[in-house]
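If you're wondering where the values come from, they're calculated on a predicted model, not measured in any experiment. Heavy-atom basis, side chains included; hydrogens, waters and symmetry copies ignored. Lettering of chains follows the sequences in order, A, B, ..., and the numbering in each one begins at 1.
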2 protein chains.
Amino acid sequence: MGYLAQAPQLDGLIEHLESAEGLGDLQAAITGLRDQYGVNHIVYHWVNAAGDQYGCGTYDQVWVDRYLEKGYLRIDPVIQGCYQRFHPVDWKRLDWSSKAARAFLQDAIDHGVGNQGFSIPIRGPNGQFALFTVSHNATDEEWEDFAEANRRDLILVAHYFNQKALELEPGRKPETAQSLSPREIEAMTLLAIGYSRAQAAETLAISEHTLRVYVESARFKLGALNTTHAVARAISRGLVVV
Amino acid sequence: MGYLAQAPQLDGLIEHLESAEGLGDLQAAITGLRDQYGVNHIVYHWVNAAGDQYGCGTYDQVWVDRYLEKGYLRIDPVIQGCYQRFHPVDWKRLDWSSKAARAFLQDAIDHGVGNQGFSIPIRGPNGQFALFTVSHNATDEEWEDFAEANRRDLILVAHYFNQKALELEPGRKPETAQSLSPREIEAMTLLAIGYSRAQAAETLAISEHTLRVYVESARFKLGALNTTHAVARAISRGLVVV
DNA sequence: TTTTAACTCCCCAGAAATAGCGAGGGCAGA
DNA sequence: TCTGCCCTCGCTATTTCTGGGGAGTTAAAA
């Protein structure tokens, strides 16, 4: 540990990734990648809905369980920060001001995650969101050099990794098919920006009943239980922009 | 035309991109990139779910205007296809079976877009969606070779290009998001996944009234007009992950 | 120590959303 | 041509949400 290796050969890595045929191969690839870079950990973390998460990486199982158990998903500034950014993020640049965040960081360090980290947000279709994270124990300077030298390669690796994960992930596909009609999108958009049904109907110059039909139709297509749920899904799938 | 150059130096390109300070610089960069690759066109196209678009590239203005005027956004299989995919897409692999799609393709070719194309979907925060497209007149074989040789570089260029576009985009909001309390986040999360207030209260083991207080508090902090609006804002600000 | 903020509980009346039944015209693909 | 999807409109009853009051405890900042 503590040894940051030279950048590995990108071509070989990506070819290796592209030939993966199961989640086990991804796990093996990520472990190999970690060893080649000589960092403490590399983790791919598919962040999702109501608690269910999927990922693979080199974190200690104890830490992964603890993360889930403690609900760190809702505290972790890496998640919060990456969710709002496009470019890779050095952990140092995140907001650690809250006490909960600092306690979380300390807990992470105690579990061998490392004091430095670098996370790449990745977004796929239907609002998929994942993180590709490299973490290590190093000084600020060492880490800066490492990140600078490997940023581009890591972006590419993260991209190909996510591509494979999307291919291999079993349960995610069926959700995709249904998209909303233009009028349904307009209706959902207006509700998402705070209009009541009456206001939205007036804005679209249709009867409130018709608007209701759109909302119900959208709710059905999105598999949502109520309007709020439907709007939430529409937003997180990128169908509606607020 | 017809000449596909060797891959240009990636490092120089990206540095050039990173120093861009305005949309004009992006336009210049993309034109230079086109010339270096020796292809007909390179286009960056920011597509908004609401329908408004922004982009820069080397397409003829006549074609751009026609695209907008004819509402091709809703027909273009490149948009439809990329929206559902994560990896770069060769135009040949898209669904051109509908009559409207074939007419569109012919129209595009007539306007000098090229018979071959390759589009990279890019997604940013808040449901941002953009395409980075390279198009050319070439045989299938020539194009295959070109795409194979340059895919990775183009993915990276697309990434950095989008990063710059996000920085420069005028409509970007700083939004000093007042954060929600843990309990408020829990409440909003449950509503976002379709729970009614009663269900959410039961899940959190608190009275429905207390839950209501959280929701109202969150609504106030988020400047939202109603619960649906508040959930929408919480999601698009990354406070709630659905 | 004082103050602030988070967390918890209760009642009520009016406003809004949901669920159920319907109906007809238009347009594009099979 | 016919099937399916999109767009449009109406009625009623029930359930859920919203907004107006008020009040106590704990824990963390100032």
Which residue lies more 5' along DNA chain D, comparing B:Asn226 with A:Pro182 via nearest heavy atoms:
A:Pro182
Quick check for you: among C:dC7, D:dT8, D:dC6, whose closest atom lies nearest to any side-chain atom of A:Arg183?
D:dT8
On DNA chain C, more 5' by nearest nucleotide between B:Ala100 and B:Ser217 is B:Ser217
Measuring centre to centre across the rings, with the benzene-like ring taken for any Trp, is A:Phe86 within less than 6.0 Å of B:His159?
yes
Figure out the OH/P separation between A:Tyr195 and C:dA16, and round it to whole Å.
16 Å
Evaluate side-chain contact (heavy atoms from CB on, under 4.5 Å) for A:Val134 paired with A:Trp143, printing each intermediate quantity in order.
CA-CA 11 Å; A:Val134 185; A:Trp143 189 245; 3.9 Å; yes
Less than 4.0 angstrom between a side-chain N/O of B:Thr210 and OP1 or OP2 of C:dT8, yes or no?
no
Between C1' on C:dA28 and CD1 on B:Ile75, what's the gap in Å once rounded to a whole number?
12 Å
Expressed as a whole number of angstroms, how long is the span from A:Glu216:CD to C:dG22:P?
15 Å
Could you check B:Leu204 against A:Val213 and say which one's nearest nucleotide on DNA chain C is further toward the 5' end?
B:Leu204
Set of residues satisfying ring-ring contact (aromatic ring centres under 6.0 Å, His included) with respect to A:His111, sequence neighbours excluded:
A:Trp63
Do A:Tyr67 and A:His45 come close enough that some side-chain heavy atom pair is under 4.5 Å?
yes
Separation of A:Gln199 atom CD from C:dA17 atom C1', in whole Å?
14 Å
Which residue lies more 5' along DNA chain D, comparing B:Thr227 with B:His209 via nearest heavy atoms:
B:Thr227
Given D:dC9, C:dC9, C:dC7, identify the nucleotide with an atom nearest to the side chain of A:Ile206.
D:dC9
Check the distance between C:dT8's C1' and B:Arg212's CZ and give it to me in whole angstrom.
14 Å
Count the heavy atoms of every other residue, nucleotide or ligand shown that sit under 6.0 Å from CD of A:Glu202, and state whether that count exceeds 12.
no
Over all strands shown, is A:Ser181 touching base, sugar-phosphate only, or nothing at heavy-atom distances under 4.0 angstrom?
sugar-phosphate
Across the strands shown, which category fits A:Ser196 at heavy-atom distances under 4.0 angstrom: base, sugar-phosphate, nothing?
sugar-phosphate
Of the candidate nucleotides D:dC6, C:dC9, D:dC17, which contains the atom at the shortest distance from the side chain of A:Lys221?
D:dC6
